[in-house]
Amino acid sequence: MSARPSQPWWHHAVIYQVYPRSFASTSGAVGTLEGVRQKLNYLQQLGVDAIWLSPFYPSPQRDAGYDVSDYCQVDPTFGTLAHFDALVESAHARDIRIVIDLVPNHTSDQHRAFQAALAAGPGSAQRDWYWFVDSEQPPNNWKSIFGGSAWTQVCQREDAAGSPWEDDQQWYLNLFDSSQPDLNWDNPQVREYFDQVLRFWLDRGVDGFRIDVAHGLVKDRSLPNWEGEVSMVDGGEDDADTTRAPMFDQEGVHEIYRRWNAILASYPGERMLVAEAWVDPQTRLARYVRNDEMHQAFNFAFLCCPWQAQELEQTITDSLHAFRQVGRPATWVLSNHDVVRHASRLGLEETGKGPNGIRAREPQPDAALGLARARAATALMLSLPGSAYLYQGEELGLPEHTTLEDKWRQDPAFFRTKGAEAGRDGCRIPLPWAHDAAGCGFSPTGETWLPQPPGWAELAADLQSADTGSTLNFYRRALALRRDWELGQGEWSFQPCEGGVLRGINRCEGGEVLVITTVSAPSVVPSDWVVKLCSDPTLHLRAGDEIPVNTTVWCQRGN
Ligand code: BGC
């Protein structure tokens with residue numbers, strides 16, 4: 001084992017995202033927390049340092065749990081608080097930390113605060129928890145990220161008929177679904193409420209929080225119209241950019257994160273906050289992780305970067321630079337529950353952020369190309385200093401489900417865009433654990449809440465575990481080397497990028513590690529270097545051998 005790391009764990013951790021609905025079930029079609037606990041040996045063997053759990057709270061599941069109706073409970077579908085406690089205890093016993101998802105931008109409309117606001121009526125203190133506005137028309141032109149207007153009139157709600165709010169003309173803001181009303185973070189009671197939520201889970205031993213829509217909590221109070229493109233990404237050239245969206249990346253959000261930082265710091269251990277903030281450019285994003293705010297921010301610029309050597313080099317360089325400036329680690333991520341899985345995204349004609357889901361009638365990714373590039377991208381990512389995020393199933397090389405029938409879709413984006421966007425269900429398919437079991441061993445009943453695509457069984461974890469040439473064993477090897485060599489704590493420098501090939505050196509506990517990624521042209525293993533990891537686990541390359549295109553190798557000096 002290498003020397004004890006001197007920096008906090010989250011500086012260099014590999015954090016594995018568990019999407020509880022689709023990870024493993026101990027009951028039926030939907031995954032459970034006990035299912036996660038029973039797979040901890042698998043995660044330990046994979047070599048991750050922490051798990052980030054997507055929401056498991058009580059929720060009507062209109063947005064797969066990102067519509068929370070009670071922040072301090074477990075939805076019975078997923079289990080109980082006792083199951084949660086058992087998961088934390090078992091994970092900690094294996095040195096695996098637990099990060100949970102906090103959704104502070106909006107609640108579910110079934111949350112008691114919103115129900116109280118509806119009942120209390122216009123002008124009440126209860127309505128001041130949200131953005132209720134008197135207006136004949138929608139108060140402005142803001143659009144929901146999921147499609148349609150960002151405003152819902154109370155009297156037009158499905159539950160209005162026969163209710164006390166039947167004739168209520170007020171509008172409320174919902175940047176996502178109409179069942180996800182935005183909270184008013186200018187209200188001190190909202191701030192106090194979330195302080196308590198943080199403490200509730202910190203007291204239960206969680207190691208951190210992933211903050212959903214971290215750039216969205218504070219809005220420009222004048223609610224001006226916004227002609228810019230409506231997407232999660234708020235881009236601007238510099239800090240003074242007047243074209244910044246009025247609902248994202250407002251200065252006021254930072255005060256909230258300073259307050260939370262202080263709460264976390266009052267607890268023992270190294271608790272952390274990671275921002276889901278779709279903010280451009282990187283220097284602007286880095287402001288979320290100044291030393292009295294959050295600790296990490298997801299690097300979506302890296303996720304969205306096209307498979308192009310110079311652009312990758314630029315994005316990596318910018319990321320390292322921007323986060324170094326504020327003394328925080330860069331982070332890296334290629335897949336999550338909101339984007340097309342990178343094994344498919346990188347097999348599309350046009351690489352980059354990718355579409356919002358893929359359907360059978362749309363251009364299909366090249367599966368073999370996608371998988372080769374995905375593994376190469378992962379090996380590049382895991383060689384970089386900082387902290388890396390993995391999304392469940394990427395270690396199996398899982399592709400997106402690109403032929404899911406529309407009748408199965410559940411993503412509100414599919415419905416709110418009236419089917420113009422397929423949405424995110426295709427990256428949320430229940431995992432294949434056992435090749436010869438019904439539902440690929442996802443649940444004891446064989447049920448899965450979304451159907452698995454053809455070929456899922458061949459990708460099952462049990463088969464891959466036994467196959468040295470599998471994607472799973474490539475991930476295990478990469479994570480083990482990354483840990484032994486302390487790549488996450490190394491110093492990175494690029495060598496000049498030539499002809500579609502990236503070359504970088506990570507100076508770390510493992511010495512000088514040369515990383516070569518053949519993005520769009522082949523290369524050769526240089527003499528005096530020994531290949532220790534190859535993203536194509538079936539290749540055994542030596543000095544002088546050609547490294548085929550779409551491959552990453554990690555080399556150490558030697559003969
Ligand atoms: C989450 C999404 C969710 C949205 C609204 C996000 O960015 O990752 O899955 O739909 O926030 O909560």
Side-chain angles (χ1 to χ4, degrees), residues 15 17-23 52-69 71 75 99-111 114 130 142-148 150 173-183 185 194 197 209-217 219 230-234 245 247-249 253 273-280 285 288 294 296-300 303-304 331 333-341 353-354 356-357 389 391-392 400 409-417 421-429 450:
I15 303 179
Q17 179 186 0
V18 166
Y19 192 70
R21 293 180 71 79
S22 304
F23 186 69
W52 147 35
L53 288 167
S54 278
F56 50 79
Y57 314 107
S59 162
Q61 303 287 332
R62 293 282 292 268
D63 183 20
Y66 283 91
D67 47 329
V68 179
S69 56
Y71 287 84
D75 192 293
V99 173
I100 62 172
D101 220 306
L102 187 71
V103 188
N105 180 67
H106 45 265
T107 66
S108 157
D109 62 353
Q110 301 307 309
H111 190 282
F114 191 76
Y130 296 88
W142 296 4
K143 297 270 180 295
S144 154
I145 309 287
F146 292 157
L173 178 66
N174 54 269
L175 286 181
F176 294 89
D177 189 53
S178 55
S179 65
Q180 294 166 295
D182 281 57
L183 283 160
W185 275 87
F194 274 92
V197 173
F209 300 89
R210 177 257 188 196
I211 307 303
D212 192 59
V213 199
H215 58 320
L217 273 51
K219 279 87 183 172
V230 180
S231 76
M232 279 288 271
V233 188
D234 184 37
M247 68 294 272
F248 287 137
D249 198 25
V253 292
L273 298 165
V274 52
E276 189 226 14
W278 291 80
V279 170
D280 253 356
L285 179 63
Y288 285 74
M294 301 217 221
Q296 293 186 344
F298 287 108
N299 187 344
F300 294 124
L303 183 150
C304 296
T331 69
V333 62
L334 288 163
S335 279
N336 64 33
H337 65 294
D338 289 331
V339 298
V340 170
R341 283 182 174 276
K353 177 163 189 261
N356 187 12
Y389 280 81
Y391 176 49
Q392 65 178 38
E400 184 84 358
R409 296 197 187 279
Q410 303 207 8
D411 185 352
F414 172 72
F415 298 103
R416 291 185 64 101
T417 61
E421 290 181 11
R424 303 162 291 175
D425 297 301
C427 66
R428 301 174 175 180
I429 305 299
L450 288 172

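In each ligand, atom 1 is the first atom listed, and ligand 1 is the first ligand listed.
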Go through ligand 1 atom by atom and flag the ones less than 4.0 Å from a non-hydrogen atom of Arg424.
2 (C), 3 (C), 9 (O), 10 (O)
Evaluate the side-chain proximity of Tyr288 to Val279: yes if any heavy-atom separation is below 4.5 Å, no if none is.
yes
Using the side chain to side chain donor-acceptor pair (under 3.5 Å) rule, take Asp63 and Gln180 through it: C-alpha gap first, then chi angles, then the decisive distance, then the call.
CA-CA 8 Å; Asp63 183 20; Gln180 294 166 295; 2.9 Å; yes
Considering only heavy atoms, does Arg62 approach ligand 1 within less than 4.0 Å through its side chain, its backbone, both, or neither?
neither
Could you tell me, atom by atom, which parts of ligand 1 come under 4.0 Å of a heavy atom of His106?
5 (C), 12 (O)
Roughly how far apart are Asn299 CG and Leu285 CG, rounded to 0.5 Å?
7.0 Å
The option among Asp212, Asp338, Val339 carrying the non-hydrogen atom nearest to atom 11 (O) of ligand 1 is Asp212
At less than 4.0 angstrom from any non-hydrogen atom of His337, what atoms of ligand 1 do you find?
1 (C), 2 (C), 8 (O), 9 (O)
With a 4.0 Å cut-off on heavy atoms, is Phe146 in contact with ligand 1?
yes
So if I count the atoms of ligand 1 from 1 in the order they appear, which ones are less than 4.0 Å from some heavy atom of Arg210?
1 (C), 8 (O)
Contact with ligand 1 for His215, non-hydrogen, under 4.0 angstrom
no
What about Trp278: any of its N or O atoms under 3.5 Å from an N or O on ligand 1?
no
Using a strict cut-off of 4.0 Å, indicate which atoms of ligand 1 neighbour a heavy atom of Arg428.
9 (O)
What atoms of ligand 1 come closer than 4.0 angstrom to any heavy atom of Val213?
11 (O)
Pick one: which of Tyr19, Phe298, Phe23 meets ring pair (Phe, Tyr, Trp, His ring centres under 6.0 Å) with Trp52?
Phe298
Could you tell me, atom by atom, which parts of ligand 1 come under 4.0 Å of a heavy atom of Glu276?
6 (C), 7 (O), 8 (O)
Taking side chain to side chain contact (heavy atoms under 4.5 Å, CB included) as the criterion, tell me which of Val99, Leu273, Val274 meets it with Gln296.
Val274
With sequence neighbours left out, what residues match Arg428 under salt bridge (Lys or Arg N to Asp or Glu O under 4.0 Å)?
Asp338
Would you check if the side chain of Ser144 reaches a backbone N or O of Phe176 as a donor-acceptor pair within less than 3.5 Å?
yes
So, do Ser108 and Arg62 sit near enough that their side-chain heavy atoms are less than 4.5 Å apart?
no
